[in-house]
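One structure is given here, and the rest of the page talks about it.
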Amino acid sequence: MARGQAHDVDSLREIARQLRIDSLRMIHLAGGGHPGGSLSAADLVTALYFHEMNLRSEEPDWPDRDRFVLSKGHGCPVLYAALARLGYFDPQHLDTLRKFGTILQGHPDMNKTPGLDATTGSLGQGLSVGLGMALIGRLDRRAYRVFVMLGCGELDEGQVWEAAMCAAKYRVANLTAVIDYNQLQLDGTNDEIMPLEPLEDKWRSFNWNALRIDGHDMPAILDALRAAREHEQGPTVIIAKTIKGKGVSFMEDQLDWHGVAPNAEQLEAALVELGP
Amino acid sequence: MTTAAPKRELPTRHAYGETLVELGREDDRIVVLEADISKSTQTYRFAEAFPDRFFNVGVAEQNMMCMAAGAAICGRIPFVSTYAVFGSMRACEQMRTSVAYPKLNVNIAVSHAGLTAYDDGVTHQAVEDLGIVRSIPNMTVLQPCDAPSTRKAVRAAVEIDGPVYLRLTRIAMPILYDDNVDFQIGKAIRLRTGGDVTIVAVGDMVFQAREAAERLAAQGIEVDLLDMHTIKPLDVDALLDSATKTGAVVTAEDHNVLGGLGSAVAEALGEHCPTPLLRVGLQDTFAQSGSYGDLLRHYGMDASHLVEAAQRVMRRKQ
Amino acid sequence: MSCSATRTASMRTAYGEALVEVGRTNPNVVVLDADLSKATKTSLFAEAFPDRFFNIGIAEQNMTTVAAGLATCGKIPFATSLAVFSTMRACEQVRTSVALTNLNVKIVGFYGGLCTAENGPTHQCIADLGVMRPLPNMTVLAPADAPSCKACVRWAVEHPGPVYLRGLRDGEPVLYDETGPADVSRIQIHREGNDGAILVNGFMLHLALEAADRLAARKIHITVADVITIKPIDQKTLLEIAGNVPCVLSVEEHNVLGGMGSAVAEVLAQKHPLPMRIMGVPDVFSNSGKHSLLLEAAGLTTEKIVENAVELLAAT
Amino acid sequence: MTTVSQPGIKDTTQELARWARLLRYDTLRMISNAASGHPGGCMSMAEILTCLYFHEMKVDPQQPDWLDRDRFILSKGHCAPILYAALARKGYFPVDELRNLRKIGSFLHGHPDISTPGVDMTSGCLGQGLSAAVGMAMAGRIDRRDYRAFVVIGDGEMNEGQLWESAASASHFRLDRIIVVLDFNALQFDGTVHEVSNPGDVRGRWKSLGWNVLEIDGHDIPQILDALRQADECRGRPTIVVAHTIKGKGVPFMEGDYLWHSLMDNDLLTSFVKEMHDELQRDPDGFDADRLW
């Protein structure tokens, strides 16, 4: 699927809704996983995979494809759902999340899942991996771009800032970081655990182009991705304000839904809210 | 046995830097990442020759390790260079998660191994790295002793489709081998054949072991001497072959005796051929600043201590 | 030695409770966490002693060196995270700021081995013992159950110097009585027999005890000993055990390279060479899946322990 | 906050300048003796360290473990020689011990070790010093002791992620007893900071992390003293003093040359040390003559 051909805003919203449903079903079946951060990232993942990124699902190793690194690896259910819907593998695999022998590991494993560009799960490493990819893209004179999705808690990790400084040094305009800024980490809010604001200033002090958007507003997401694409002087970070557990009222902004699977009853209630 | 009379001395990091340039010429997949010590690790040579394929990331080893993973994912063969302390420990989890777990072709070449960092002091002397890296699945762990075997090791690392940890010395090492040395990963090199005691040595300790073997020969004790340049995967066959013959083994490593070569040999002997063993190396202590020779003597790692260890372990033969 | 494997308990909860207990008796005890306090149960300490609890955020390297700074001022910090992050993400900080300085810092890592199961290999840790063991000045502890974990915490507070404590998760069979072993630095003998010995730690202890029962039914009597302190390993007891048996089997939920098996092999080769076999995760990354299935794939089951013991005995 | 009586600022400046010159001499002589070490970064921080140890810090060489002392962490640990010189001149150990830098059996290791009298924290692996200071400041708060923790960091260290982890912590926990001095000589091992790492907006970054940021000429003693005073007065947040310096300052052939990060040419250095020795000996009022070695 080439960039921009894909879908209008309404159909993207519909896909995001489906990815949310898929994610919750998968996590429920697995009996474990991270629903909150999957739901918060659903619109961003949709915009990237179904609109912005240049991909060929029938050729997962296409050298000119855009790359995606899910640095917040625990949010992988929503990514697996997107890859399945794009045809990288049979959607039936979604039922095997986290089960022994599955291609869908608890955290992303590039050697097991078709379409995955990187192995992640230990927070703080993805931006560095993406930076390596971006530099090689430039060296190889390929036009691909690299997208790295970071969690907000992950910004506590010093390695993120090592990568930020280095990416600015190399002015890698083909690298875009997207922060799923749901403002909750495992033990509490960002402000309680380790405050991040003023976040744009921080990224700008590393010479990054910084944008802030509502990460559930599809047109705003698409606009920001376009702006990042058009910014040619260096890397861009999109600080996307999101809501953890977005789309399911009893999960929204609830710390407790960081890493707990819904039971059958809760899944049912969630699916009712998300619609048929 | 392919040895040449010592002609001159060279730190193995220099041989590494030179070989990188040769490789860079032959194979444009090679890229080099560096954390602000290119003059120390000798990657500046590559930087001069191939500036486009050289990335100096600043003092940020963790970032460097994962960047190398990204480059390997895109089909490149990255070399990551820093000091052994930082390659194995500062970026330990990055090596494990982003490099070893996906089994990427990233080569981690680290200088200032063990006491060869001598007067820089303990912070810069890596005496734990072999044990740490050995514990990580998918890693190959090498420490060639001299310049010619280092050149071969660098090339062999490229050929292995998976991560390699290559340990290098800060100080100059004598030239032991000629340029045609048969260096194969996972195959020990027998430097001396004898039936009385086995000495298994790695890296700079090979030279202490050679000298010890000569002194022991003067006393009528014949040493079976192995250059165990590959710590992982260990050449168990060569070890068992020798241990069965001699019935007594000494290991010699510029590293803590816990976790490194001595451990690997103890594991293999225990499982296949229980044999008396003495492990020469740092006896679970940090060292200090000082000259390399003084440190080897002080911590019981020079040739005369190896002679003594060989004599002691032989007394324990059944 | 009293053993009753009739119930299970959460080692994480035991740890949190033990922290509160030592926090009450020793005002110098402080606790640090890296945004996992609910998982590691340091939250219990945080509730009891908010002034002495510091949540550093997801920044394990910083946490480790902060702990070192606290220790220079007489505090006894417990820096807590997951095993993979405590020992590997912050590896050089543990080595330089804690081990090299020989400061009184306790590094605690939960989910040692494969017990974080479905979270996959990124969060499992089969290298922590091998990573901590080569660090001079480090003491390395790997308890099997909730009471012995509590005993380790109490012991660590009284033992000045760096300690790494490998924690597990929940549902570990309780094998010690409530107070735990009197001295965790000693190897704890659970069964005695002269036909062979199994040295074991952590979650493997109950499997080894089951294996010993099955072997006893076949008239094979083996010693089962819990090596809680991997470093410095209790050489005296180890050699006493080795002196009475023809062979030794080590079993651990860790890479076969570098961990307890290695420590045992070092001592035996140096002092009393004996046929041995090292059971553990066979130097590979595991998978996502149920803990029991991962253990089975790694060959860490009662059946395999029995099988290996029988083979080893036959060969000697 | 000083143990010596407060003289007029002008006298202090002159006296401190002399101490700085002496520390430079000691340091260069140690490195030339050891034939190994990192002179460039020692020279750039001579005035900073002098102002800390000979004016600002509350320390007592007779009781190195005094619980209420100010702490000092040389995060850029490769510059240990000048710290050793300051400690020796302060009286923690005999000046004669400086002859033994980097020698076996000496407590003057290549990088600072906590076992050396007066050294508060082991360092040398870049990026860790501020974290240790955070721990010390937390302990001070728990114990209700009013000591401060001073940290000197190098500019290359800003590449290390751990520095940003610790900077966020110090700010989050409002550790106003932490004072960082950034020895911003703009050269790192492999070249200028701009070539190697692109530091970006340093001032803005520390501000975005909630720090009190001061910016000075790191060789101007009155400016250093003033900044340290302001830092001491700042409440509720930690302070960083961005001190612009010149690598190799005071040694003409070393100034601004990144190659002198490490020892480049010991013959050249040794002859310079000899010249410096003679010059100090000729000093008219004898401030230095009897202190030489």
Side-chain angles (χ1 to χ4, degrees), chain B residues 32-44 47-48 51 54-66 81-91 93-94 112 115 117-126 170-171 286-299, chain D residues 31 33-38 75-78 80 100-116 121-128 153-165 187-200 258-259 261-264:
Chain B
V32 175
L33 294 96
E34 171 58 58
D36 193 32
I37 47 174
S38 65
K39 293 190 292 299
S40 260
T41 60
Q42 301 291 308
T43 60
Y44 76 89
E48 283 169 6
F54 176 80
F55 302 98
N56 195 331
V57 308
V59 193
E61 297 80 5
Q62 309 175 55
N63 177 42
M64 173 168 71
M65 192 68 79
C66 293
S81 287
T82 178
Y83 295 143
V85 168
F86 307 123
S88 66
M89 292 186 264
R90 179 62 71 103
E93 200 255 316
Q94 286 77 6
H112 291 46
L115 302 179
Y118 69 110
D119 68 351
D120 279 336
V122 197
T123 51
H124 287 54
Q125 296 163 351
R170 176 184 173 195
I171 56 166
F286 288 106
Q288 56 181 297
S289 297
S291 77
Y292 177 66
D294 284 347
L295 292 172
L296 285 184
R297 269 188 295 284
H298 183 82
Y299 292 100
Chain D
I31 293 172
N33 255 15
S36 169
H38 301 87
S75 191
K76 44 177 289 195
H78 54 278
N100 297 324
L101 175 71
R102 288 181 169 234
K103 294 204 167 57
I104 193 163
S106 166
F107 54 67
L108 300 183
H109 300 285
H111 292 82
D113 190 283
I114 196 166
S115 63
T116 303
M121 185 61 193
T122 295
S123 59
C125 298
L126 298 177
Q128 302 186 28
I153 63 172
D155 44 25
E157 274 190 275
M158 289 191 293
N159 305 169
E160 288 282 13
Q162 189 182 353
L163 183 68
W164 305 112
E165 296 181 356
L187 293 177
Q188 42 191 113
F189 191 104
D190 271 346
T192 70
V193 291
H194 298 281
E195 285 162 357
V196 178
S197 58
N198 189 351
Y258 76 96
L259 292 173
H261 174 91
S262 312
L263 180 57
M264 274 296 290

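Chain letters run A, B, ... following the sequence lines, proteins first and then strands; every chain starts at 1.
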Any side-chain to backbone donor/acceptor pair from B:E34 onto B:I37? Under 3.5 Å, distance only. yes
For the residue pair B:F86 and B:H124, does the interplanar ring angle fall in the parallel (under 30°), tilted (30 to 60°) or perpendicular (over 60°) class? perpendicular
Side chain / backbone / both / neither for B:V85 at chain D, heavy atoms under 4.5 Å: side chain
Mind telling me whether B:Y83 and B:H112 have parallel, tilted or perpendicular rings, with 30° and 60° as the class edges? tilted
Report the option among B:N63, B:V122, B:T123, B:D294 that has the most heavy-atom pairs separated by less than 4.5 Å from atoms of chain D. B:T123
Ranked by heavy-atom pairs below 4.5 Å to chain B, first place among D:L259, D:N198, D:V196, D:L101 goes to D:V196
Can you give me the closest heavy-atom contact between D:R102 and D:S36, atom names plus distance? NH1-OG, 2.8 Å
Could you state the interatomic distance from CD (B:Q288) to CG (B:L295), rounded to the nearest 0.5 Å? 6.5 Å
Under a 4.5 Å cutoff for heavy-atom pairs, which residue among D:G105, D:G161, D:P112, D:S106 has the most contacts with chain B? D:G105
On a heavy-atom basis, the closest approach of D:N159 and B:A60 is O-CB, 3.5 Å
I need the residue from D:G124, D:G191, D:S262, D:C125 with the largest number of non-hydrogen atom pairs under 4.5 Å to chain B. D:C125
With a 4.5 angstrom heavy-atom cut-off, which part of B:Y118 approaches chain D: side chain, backbone, both or neither? neither
Residue selection (most heavy-atom pairs with chain D, distance under 4.5 Å) from B:S291, B:A35, B:G290, B:S289: B:S289
